[in-house]
2 protein chains.
Amino acid sequence: MSLATDAADQPTLYKRIRADIEKRILTGEWPPGHRIPFEHELVARYGCSRMTVNKALSELAQADLIERRRRAGSFVRRPQHLSAVLKIADIRAEITALGRSYGYELMHRKLRNATAADRDRLGVKTAGKVVAITCRHSADGVPFAVEDRLIDLASVPDAAAADFSREPPGSWLLHHVPWTEAEHTISAILADDRTAEALDIAVGAPCLVVDRYTWRSARTITAVRLLYPGDSHRLVARFKGG
Amino acid sequence: MSLATDAADQPTLYKRIRADIEKRILTGEWPPGHRIPFEHELVARYGCSRMTVNKALSELAQADLIERRRRAGSFVRRPQHLSAVLKIADIRAEITALGRSYGYELMHRKLRNATAADRDRLGVKTAGKVVAITCRHSADGVPFAVEDRLIDLASVPDAAAADFSREPPGSWLLHHVPWTEAEHTISAILADDRTAEALDIAVGAPCLVVDRYTWRSARTITAVRLLYPGDSHRLVARFKGG
DNA sequence: CACGATTATATGTCTAGACATATAAGTCAA
DNA sequence: TTGACTTATATGTCTAGACATATAATCGTG
């Protein structure tokens, strides 16, 4: 196996060590849970000081590829479920960053006691109040996405008084509430009547769905579903590797 | 925005330095483009060795919060409004990591001179040979994704002789070819006849599409389109935030 | 066997140096 | 003014140590 780690392309040692390990993880040679060699073993193998392998392993840990446990060793982490990592900041920022004019429209807002469905969606057990919001984002006047959001008022009491008629809830939350964890799920569905009308597409047209759940230390903050027209809009990501 | 930077919770010095700088960036005190203090200045301010501040700054750079330029200094980066960052390693590793049995089936393989469409898709101008592959991945015997791939033989001559009847091309490439950059585009379409048959779903059912382009220093390696059943399959991502 | 105390060990952090390298800035000649 | 050359400097990488700390493993005791 000619490893993709070419000494000429990887001038520095710690990067080579990191790349070697990363490759073994990504190809599945070292599956999740596998204990990677101890620092002192890597020191021996690469003939370098401990700080050098430590830097390589620290970066892999920062990138969540491995988990390091004192006395036990370093272990390959379970891949982010489906090995997809997705970040979405804020649709308003996203659109304005593209140099397009941003439009926002609040379609529905309601403060209510959480229904069973709401509690299920937010993953909370106790009764409480929630804010349910439906709104639409547009770019250059064209529908860009519809948003269907639930905010748990037990976690974010300020949201009850927030004015979402001007500011999109995503931006408001980003500025007012720190979050510690989030999960995205991407899928595809066919547009139903309501969605088709809101996005100005045909009923039965493909839609890209992004479901996002946000937590602050095990406490759900918000659950949001974003629907994009599937054929026109695309989530693009560019990233470095090697 | 109450930042979670508590000196009592940050016992180690380099974490404190990192948190101090991060706080100034996130609060806007140091706006994008601002030059943060030189390492030797931070060494003086915190009374520690250069390696300690270097570790703090390196982690901030790895997290894309700052950009470091030799001789110039370290600068606050523009916030990443990039809509999505996505990593996908290898479907085989993905499925086996989930504890499901992986199945692979080569449906079509052809070595040919690049057509105009091929050249367009790969973004190359000159004529040359390509390998076109269609294959199917399954998990526990159920179709998981169909893959439609083009490999530029000018970039990867070994691919001409590779045996893709057993090993999926994605895994092979990962083992044999280093890449420096990649781009993903996610969209949604309706299944056409061929796709529907391959995925064992209905014609017109929603499909999740991941288009991936991979380069090695400005040279295209491969272009691949993955089609997933949109209603059953989901790309899930979980990540930490601040 | 269950449980608490001890020990061994891998990682976590840090130091005070070293040399390499990219590049901003300054210098000088055409 | 412009281009080529030189220099200064901030970061990049690395070493050979050190002590701290969490914890898996072992041992001893009831």
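Just so it is clear: chains get the letters A, B, ... in the order the sequence lines come, proteins before strands, and each one is counted from 1.
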Worksheet item: Does B/Ile36 offer a backbone N or O that forms a donor-acceptor pair with the side chain of B/Ser74 under 3.5 Å?
Response: no
Worksheet item: Which of these nucleotides, D/dC14, C/dT13, D/dA22, is closest to any side-chain atom of B/Lys55?
Response: C/dT13
Fill in: Residue met sooner reading DNA chain D from 5', once A/Arg69 and A/Ser49 are mapped to nucleotides
A/Ser49
Worksheet item: So does B/Glu39 pair up with B/Arg45, basic N to acidic O under 4.0 Å?
Response: no
Worksheet item: NE2 of A/His40 versus C1' of D/dG17: gap in Å, rounded?
Response: 18 Å
Response to the item:
Among the nucleotides D/dT11, D/dT13, D/dA24, whichever has the atom closest to the side chain of A/Thr12 is D/dT13
Worksheet item: For the pair made of CD in B/Gln62 and P in D/dG12, what is the distance, rounded to whole Å?
Response: 13 Å
Practice prompt. Give the rounded distance in Å between these two atoms: CZ of B/Arg35 and P of D/dT11.
Written response: 8 Å
Discussion item. Taking the minimum atom-to-atom distance to the side chain of B/Phe38, which one of C/dT11, D/dA16, D/dT11 wins?
Written reply: D/dT11
Worksheet item: Do B/Lys15 and B/Glu22 sit within salt-bridge range, that is, some charged N less than 4.0 Å from a carboxylate O?
Response: no
Discussion item. Can you confirm whether the side chains of B/Asp20 and B/Tyr46 place a donor and an acceptor under 3.5 Å from each other?
Written reply: yes
Discussion item. What's the angle between the local helix axes at either end of the helix from C/dC1-D/dG30 to C/dA30-D/dT1, using five pairs per end and rounding to 10 degrees?
Written reply: 20°
Discussion item. Does A/Arg69 qualify as a cation-pi partner of A/Phe75, given the criterion of NZ or CZ under 6.0 Å from the six-membered ring centre and within 45 degrees of its axis?
Written reply: yes
Worksheet entry | Value in whole Å for how far the C1' atom of C/dA20 lies from OH of A/Tyr14 | 15 Å
Worksheet item: Mapping B/Pro37 and A/Arg50 to their closest nucleotides on DNA chain D, which lands nearer the 5' end?
Response: B/Pro37
Item to complete: To the nearest Å, give me how far apart CE (B/Met51) and C1' (D/dA18) are.
Response: 14 Å
Discussion item. Please pick, from D/dT11, C/dT13, D/dT15, the nucleotide with the shortest atom-to-atom distance to any side-chain atom of B/Arg68.
Written reply: D/dT11
Fill in: Residues A/Thr222 and A/Arg149: side-chain donor-acceptor under 3.5 angstrom
yes
Worksheet item: Using a cut-off of 4.0 Å on non-hydrogen atoms, how would the nucleic acid contact of B/Ser58 be classed: base, sugar-phosphate, or nothing?
Response: nothing
Worksheet item: Separation of B/Glu39 atom CD from C/dT15 atom P, in whole Å?
Response: 13 Å
Practice prompt. Please state whether the rings of B/Phe164 and B/Trp172 are parallel, tilted or perpendicular, taking 30° and 60° as the class boundaries.
Written response: perpendicular
Discussion item. Side chain of B/Lys15 only, heavy atoms from C-beta on: which candidate in D/dT23, D/dT11, C/dT13 is closest?
Written reply: C/dT13
Worksheet item: Among D/dT13, D/dA25, D/dC14, which nucleotide sits nearest the side chain of B/Asn54?
Response: D/dT13
Practice prompt. Please check the phosphate of C/dT11 (OP1 and OP2 only) for any side-chain N or O of A/Ser74 closer than 4.0 Å.
Written response: yes
Worksheet item: Given that B/Thr52 and A/Ala72 both sit by DNA chain C, which one's nearest nucleotide is further toward the 5' end?
Response: A/Ala72
Worksheet item: Any donor-acceptor pair under 3.5 Å joining the side chain of B/Arg70 to the base of C/dT21?
Response: yes
Worksheet entry | Donor-acceptor pair present, B/Arg71 side chain and C/dA24 base, under 3.5 Å | yes
Worksheet item: So, A/Glu167 and A/Tyr104: side-chain donor and acceptor under 3.5 Å apart, yes or no?
Response: no
Fill in: Whole angstrom value for the distance that separates C1' of C/dC14 from CD1 of B/Ile17
11 Å
